[in-house]
Amino acid sequence: MTTFSLDPGPDQIAVRDWLHGFAADVIRPAAAEWDEREETPWPIIQEAAKLGIYSLDFYAQQFFDPSGVGIPIAMEELFWGDAGIGLAITGTTLAAVAVLANGTDEQIGTWAPQMFGTPEDVKVAAFCSSEPDAGSDVSALRTRAVYDQAKDEWVLNGTKTWATNGGIAHVHVVVATVDPELGSRGQASFVVPPGTAGLSQGQKFKKHGIRASHTAEVVLDGVRVPGHCLLGGKEKLDARLARAREGTKGGGRNAAMATFEASRPAVGAQAIGIARAAYEVALDYARTRVQFGKPIIENQGVAFQLADMKTRIDAARLLVWRASWMAVNNRPFTSAEGSMSKLYAGETAKFVTAQAMQILGGNGFTREYPVERMHRDSAIYTVFEGTSEIQRLVIARAISGAPIR
């Protein structure tokens, strides 16, 4: 077990500086264009792949970095560049985390590399959990997975929504209900291999922010996948379902929640990257914008705004780093520390970007300055991967031990 440290080592600093350079030189100059186009920035993903940034090896190195801060540092720098392009580059990792959290070693070795492809033939992956009538309430999933014992196949039917890379992905990971009577405890995750019949893209969403990231519905119509595509395997699933039916402790681990538990600090780090970017624009503007004969930063009202912005950013980063270090060192989130980090970082991104727009005044409301886009991008961070209200619910249950609803 490593000691928690706020002083990144030389390896982490080298990665940070490398990613910062890529974000500054490649992502930022292209951000406005791809936001307007609302298309997946394949050329930038390919450039990231050529440099080794978009690869399983890179994310695995950061994920298993014993300091615990490899992933949050990487996410913060990429999203400092731009959130939409950042999510296009990192969206595959949510599906990869789903396999890591729920799959066997063999499944991880088989599917995780296919999610990224190669620098010459880049691929993306999608994690499909939410549904039109089941977002925060994961127990309400209607997508069904029925086992065909004669063929050792699972048959999937249903519609998923809000899926990052949904429909354009090479590999889809789908959360489905196996036993409806068990609610969220009766769910499992399945890999849908490339080219599987019956999977199609539904509506592609036109979004308020993160517009360079592809978000769409995924329709599953009689999709048949081999038995080995059940993450964790059928023996493990049967044992878990049996415990759940008996009400035995250990039968309640949910496939979707296992993924979100692992990813929440990383999502918080993304929000910090957006907030830091907006703060830096506002700070620079306040130093150079002259009104009434002096830079506006010399006005206490503006200076105090910037002080609050910087304080909240640093506090959010501390929460994210703590949760990431705990996760790497197998420390349980007894007070829902993962949810704390995502909650505070998401709320901070919205607060800071709004303050940045205010400091820039009319300029902040135009697309001539990036804070308008950053403000739009930040809005999703109090919604996806668990709304702020759901995070507060998770935290309240953890600290009280009560079944708060």
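Side-chain atoms are counted along with the backbone in the values below, which use heavy atoms only and exclude waters and symmetry mates.
Ion pairing between Glu39 and Arg37 holds under the 4.0 Å rule for side-chain N and carboxylate O. Look at Glu76 and Arg276 and you find a salt bridge, because one of the NZ, NE, NH1 or NH2 atoms lies within 4.0 Å of a carboxylate O, short of that distance. Between Asp35 and Arg373 there is no salt bridge, since no side-chain nitrogen of the basic residue lies less than 4.0 Å from a carboxylate oxygen of the acidic one. Salt-bridge annotation for Asp377 and Arg211: absent, with no side-chain N of the basic residue lying under 4.0 Å from a carboxylate O of the acidic one. Here Asp314 pairs with Lys310 in a salt bridge; the nearest charged N to carboxylate O distance falls below 4.0 Å. For Glu77 and Arg16, the salt-bridge test fails: no basic side-chain N is under 4.0 Å from an acidic carboxylate O.
At a threshold of 4.5 Å between non-hydrogen side-chain atoms, the residues Ser324 and Ile71 do not count as touching. In this structure, the side chains of Phe22 and Glu47 come closer than 4.5 Å at one or more pairs of heavy atoms.
A side-chain donor-acceptor contact under 3.5 Å links His214 and Gln201. Side-chain contact of Ser129 with Lys160: a donor-acceptor pair under 3.5 Å is absent, judged by distance alone. Judged purely by distance below 3.5 Å, without hydrogens or angles, the side chains of Asp65 and Gln12 pair a donor atom with an acceptor atom. Using modelled atom types, one finds no donor on one side chain facing an acceptor on the other under 3.5 Å when comparing Tyr279 with Thr353. Using modelled atom types and a 3.5 Å distance limit, the side chains of Thr382 and Glu347 yield no donor-acceptor pair. The closest side-chain donor-acceptor pair between Thr159 and Glu131, if any, does not fall under 3.5 angstrom. Residues Glu372 and Thr366 have side chains that never bring a donor and an acceptor to within less than 3.5 angstrom of each other.
Ring-centre distance between Trp162 and Phe384: not below the 6.0 Å cut-off.
We find the CD-NZ distance between Gln391 and Lys342 to be 5.0 Å, quoted to the nearest 0.5 Å. The CD atom of Gln61 sits 7.5 Å away from atom OG of Ser55, with the distance rounded to the nearest 0.5 Å.
Sparse packing is recorded around NZ of Lys236, with 12 or fewer heavy atoms of other residues, nucleotides or ligands lying under 6.0 Å away. Other residues, nucleotides and ligands contribute at most 12 non-hydrogen atoms within 6.0 Å of the CZ atom of Arg142.
In this structure, Lys123 forms no cation-pi arrangement with Phe116, as its terminal cationic atom is not both closer than 6.0 Å to the ring centre and no more than 45° off the ring axis. Figure legend: Arg144 and Trp154 shown without cation-pi pairing, the cationic atom not lying both under 6.0 angstrom from the six-membered ring centre and within 45 degrees of its axis. With Trp325 as the aromatic partner, Arg322 does not meet the cation-pi criteria of under 6.0 angstrom to the ring centre and within 45 degrees of the ring axis.
Between the side chain of Asp179 and the backbone N or O of Glu181, at least one donor-acceptor pair lies under 3.5 Å.
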